[in-house]
Participant: 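Here it is, the structure in full.
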Amino acid sequence: MQRDTTDTGVREALRRLLGEPTISIPDAARLLGIGRSTVYAAVKSGELPAIRVGHRVRIPSRWIRVALRFEDEPDIGTR
């Protein structure tokens with residue numbers, strides 16, 4: 001029986017999402033269910049936060065976890 005590589009890719013992306021401070025564009029695309037070019041376009045438009053290191057673009061894991069509702073948004077400025 002052959003393993004579904006898409007399922008394996010999502011599992012590995014999820015593991016990195018939960019264990020690393022940033023994730024790659026391909027991992028973000030897998031987890032959000034969109035294409036890599038869509039993620040790059042969202043980064044370029046400012047819709048998706050990104051950290052650029054040289055030619056690499058990383059997405060903050062916390063932002064993805066909040067977007068997918070794995071975590072609540074922090075209360076900033078609430079008194």
Side-chain angles (χ1 to χ4, degrees):
M1 177 182 255
Q2 189 174 12
R3 294 180 85 173
D4 181 2
T5 57
T6 302
D7 188 42
T8 301
V10 170
R11 267 194 295 250
E12 287 299 310
L14 184 57
R15 181 188 60 75
R16 287 187 287 273
L17 175 71
L18 298 174
E20 298 178 11
T22 63
I23 60 172
S24 67
I25 294 286
D27 280 350
R30 278 186 201 98
L31 293 165
L32 294 171
I34 58 178
R36 289 186 325 218
S37 60
T38 304
V39 175
Y40 280 111
V43 166
K44 185 176 181 179
S45 73
E47 188 176 359
L48 193 88
I51 300 167
R52 289 175 178 82
V53 180
H55 288 79
R56 296 181 66 177
V57 179
R58 303 290 291 181
I59 308 298
S61 297
R62 174 128 172 86
W63 191 94
I64 299 290
R65 290 192 305 263
V66 169
L68 294 176
R69 299 186 184 213
F70 287 2
E71 291 183 16
D72 292 329
E73 290 188 61
D75 286 333
I76 298 174
T78 303
R79 292 183 188 232

Participant: Of all residues at least two apart in sequence or in a different chain, which pass the salt bridge (Lys or Arg N to Asp or Glu O under 4.0 Å) check with Arg36?
Facilitator: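 For Arg36 there are no salt bridge (Lys or Arg N to Asp or Glu O under 4.0 Å) partners, ignoring immediate neighbours.
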
Participant: Please list all pairs meeting side chain to side chain donor-acceptor pair (under 3.5 Å) that have one or both residues in residues 44-53, counting only residues at least two apart or in different chains.
Facilitator: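 Matches after skipping sequence neighbours: none remain.
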
Participant: With the 4.5 Å side-chain cut-off for hydrophobic clustering, are Ile25 and Val10 part of the same group?
Facilitator: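 No; tracing contacts between hydrophobic side chains, which count when under 4.5 Å, never links both residues.
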
Participant: Rounded to the nearest 0.5 Å, what's the gap from CG on Leu31 to CG on Leu68? Could you check?
Facilitator: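 So the CG of Leu31 and the CG of Leu68 are separated by 6.5 Å.
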
Participant: To check you understand the geometry: which heavy-atom pair defines the closest contact between Val43 and Ala50, and what is its length?
Facilitator: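 For Val43 versus Ala50, the nearest heavy atoms are CG1-CB, 3.5 Å.
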
Participant: Mind checking side chain to side chain contact (heavy atoms under 4.5 Å, CB included) for Leu18 and listing every partner two or more places apart, or none if nothing turns up?
Facilitator: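 So Leu18 forms a side chain to side chain contact (heavy atoms under 4.5 Å, CB included) with Leu14, Arg65, Phe70.
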
Participant: So which heavy atom on Ser61 is nearest to which on Glu20, and how close?
Facilitator: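 In this case the closest contact between Ser61 and Glu20 is OG-O, 2.6 Å.
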
Participant: Check Leu48 against Ile59 and note the closest heavy-atom contact, atom names and distance.
Facilitator: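 Reported closest heavy-atom pair: CD2-CD1, 3.4 Å.
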
Participant: Could you tell me which non-hydrogen atom of Pro60 sits nearest to which non-hydrogen atom of Ile51, and how far apart they are?
Facilitator: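 Minimum heavy-atom separation between Pro60 and Ile51: CG-CD1, 4.3 Å.
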
